[in-house]
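These numbers were taken from a predicted model, which means no experiment stands behind them.
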Amino acid sequence: MFEVRVAGVGDVAGIAGVWAVASPHLVKTAAGLEAELRTRTSRVVLVAVEDGSVVGYGNVYLPAADEHEPQVRLSVHVVPAHRGRGIGSALATAIVDRAVAAGAARLLTVVDESGQSKEFATRRGFTIGRELSHARADLAELPAPATVPDDLRLTTFEELDPRAVWAATAAVVAGDPSGLSDAPEYEEWVVSDWNHPDLRRDLSIALLDQDQLVSFVTTAADPERKVIWSNLTGTIPAYRGRGLAKVVKSHALSRARDAGFTDAFTGNDADNQPMLAVNRWLGYQKAASAWTATRSV
């Protein structure tokens, strides 16, 4: 018999195991998950445990108390061998109840491309929305990095003031058509994102126009699996149309290859044609699809 309860730091290895089989393209290390549990106070994380093992996971990002009719993001994952036993249903009910109690007006989640996952969501009142494309690149087969424009300077996050990275992040997340990208307040972002153990500042690349950060890519890495995940690639509006995303991402992947990583994964809205074109040039090939799903409360 399984039990659904609030997750603790002793569960992080089990949660990482759930992510590894449910979404193997993502970088979710035990160290990163432990940091999230310790620092992200605006999130509720639940686990389903059976015989001492974590067999399912759910989480919800709680809205700010003064947020008007907020959309709340949540997720539920169950180890495939344990599906069909009510574990996902128990987690989903508990997570949705937490979201509603926190004042959510709309729920957002992501389901994989299987009919089983889509049916699980639609039975609970969710409407399937946008397609997301997950892709993999073999870092041994990369093209040469794109040329850095003469009027810009390439650098890594190691050399940057975190406030500059946060400001650029806030300037680009609204352009993500999937609605999955966000930028919390600066103080929270520093704790949850800038200081995240999975962030590799040396492999996260930016372009500067004098002192202004104009384009960037953030890179998360799992050294044990030799895998990287491009969390967010963006160019501030005034500098779009110059191919800068290709520059930063190609240099980030080249540095990851030189650091001993073998595989790169990324995810994009399936209608984000400019970024998909960059990924094709870099050698990414589609590995899987997922779909956003939304529900009004």
Side-chain angles (χ1 to χ4, degrees), residues 5-49 52-62 73-79 91 95 110 134 136-137 139 156-160 162 165-166 169 180-206 216-233 252-253 255-267 287:
R5 58 167 172 77
V6 174
V9 294
D11 298 313
V12 294
I15 295 172
V18 174
W19 277 109
V21 295
S23 298
H25 50 279
L26 294 178
V27 167
K28 293 287 185 180
T29 69
L33 291 165
E34 179 176 347
E36 292 175 10
L37 285 177
R38 293 185 184 278
T39 62
R40 292 187 177 178
T41 58
S42 62
R43 191 174 67 147
V44 173
V45 179
L46 304 179
V47 288
V49 179
S53 298
V54 176
V55 296
Y57 161 88
N59 89 133
V60 58
Y61 293 88
L62 302 177
R73 184 177 171 185
L74 54 85
S75 63
V76 172
H77 298 289
V78 178
V79 174
L91 282 166
I95 285 293
V110 175
H134 293 145
R136 172 190 171 274
L139 292 179
T156 71
F157 280 18
E158 290 180 310
E159 301 179 23
L160 296 177
V165 179
W166 172 79
T169 300
L180 296 172
S181 299
D182 69 339
E185 293 299 318
Y186 176 71
E187 291 75 13
E188 180 182 351
W189 175 87
V190 167
V191 173
S192 65
D193 291 51
W194 184 254
N195 291 332
H196 197 289
D198 293 343
L199 174 66
R200 284 289 295 261
R201 296 180 196 168
D202 60 326
L203 305 180
S204 298
I205 302 298
F216 67 96
V217 57
T218 59
T219 303
D222 183 345
E224 184 175 334
R225 295 168 55 212
K226 297 185 178 182
V227 166
I228 67 166
W229 168 261
S230 298
N231 268 337
L232 179 64
T233 304
L253 266 58
R255 292 187 185 214
R257 176 201 59 208
D258 295 344
F261 292 89
T262 60
D263 296 276
F265 288 91
T266 194

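The minimum heavy-atom distance between Asp11 and Val6, with the atom names listed, is OD2-O, 4.4 Å. Between Ala30 and Ala16 the shortest heavy-atom distance is N-CB, 4.1 Å. Taking every heavy atom of both residues into account, Ala7 and Leu37 meet most closely at CB-CD2, 4.3 Å. Taking each heavy atom of Asp263 and Leu139 in turn, the nearest pair found is N-CD1, 3.9 Å. Scanning all heavy atoms of the two residues, the minimum distance from Pro223 to Ala221 falls at CD-O, 3.6 Å. The two residues Val18 and Gly56 make their nearest non-hydrogen contact at CG2-N, 4.2 Å.
With Arg38 contributing its side chain and Val9 its backbone, the two residues share no donor-acceptor pair below 3.5 Å. Counting only distance, with no hydrogens or angles, the side chain of Thr218 and the backbone of Leu232 share a donor-acceptor pair below 3.5 Å.
For the atom pair CG (Asn231) and CG (Asp198), the distance works out to 8.5 Å, reported to the nearest 0.5 Å. The CZ atom of Arg136 sits 7.5 Å away from the OG1 atom of Thr262 when rounded to the nearest 0.5 Å. To the nearest 0.5 Å, the span separating CG on Asp222 from CD1 on Ile228 amounts to 11.5 Å. The structure places CZ of Phe261 at 9.5 Å from NZ of Lys226, a figure rounded to the nearest 0.5 Å. Between atom NE2 of residue His196 and atom CG of residue Leu33 there is a gap of 7.0 Å, rounded to the nearest 0.5 Å. Between Thr219 atom OG1 and Leu199 atom CG the span is 8.0 Å, to the nearest 0.5 Å.
In this structure the side chain of Thr169 reaches within 4.5 angstrom of the side chain of Phe216, judged on heavy atoms. In this structure the side chain of Val190 reaches within 4.5 angstrom of the side chain of Asn195, judged on heavy atoms. Side-chain contact between Trp189 and Val165 is present, with at least one heavy-atom pair separated by less than 4.5 Å. Put simply, the side chain of Arg255 reaches to within 4.5 Å of the side chain of Ile205, judged on heavy atoms. The side-chain heavy atoms of Val45 and Asn59, taken from C-beta on, include a pair separated by under 4.5 Å. When side chains are defined from C-beta on, Pro162 does not count as touching Asp193, because their heavy atoms never get closer than 4.5 Å. Taking the side chain as every heavy atom from C-beta outward, Thr29 and Glu224 never approach each other to under 4.5 Å.
Ala137 meets the side-chain contact (heavy atoms from CB on, under 4.5 Å) test with Ala264, Tyr284; sequence neighbours excluded. Judged as a side-chain contact (heavy atoms from CB on, under 4.5 Å), and not counting sequence neighbours, the contacts of Glu158 are Thr156, Arg201, Asp202. Scanning for side-chain contact (heavy atoms from CB on, under 4.5 Å) contacts around Leu26 gives Trp19, Ser23, Lys28, Trp229, with sequence neighbours left out.
Using the six-membered ring where Trp is involved, His25 and Phe265 have ring planes that are tilted, between 30° and 60° apart.
Taking a 6.0 Å sphere around CD of Glu185, one finds it holds 12 or fewer heavy atoms contributed by other residues, nucleotides or ligands.
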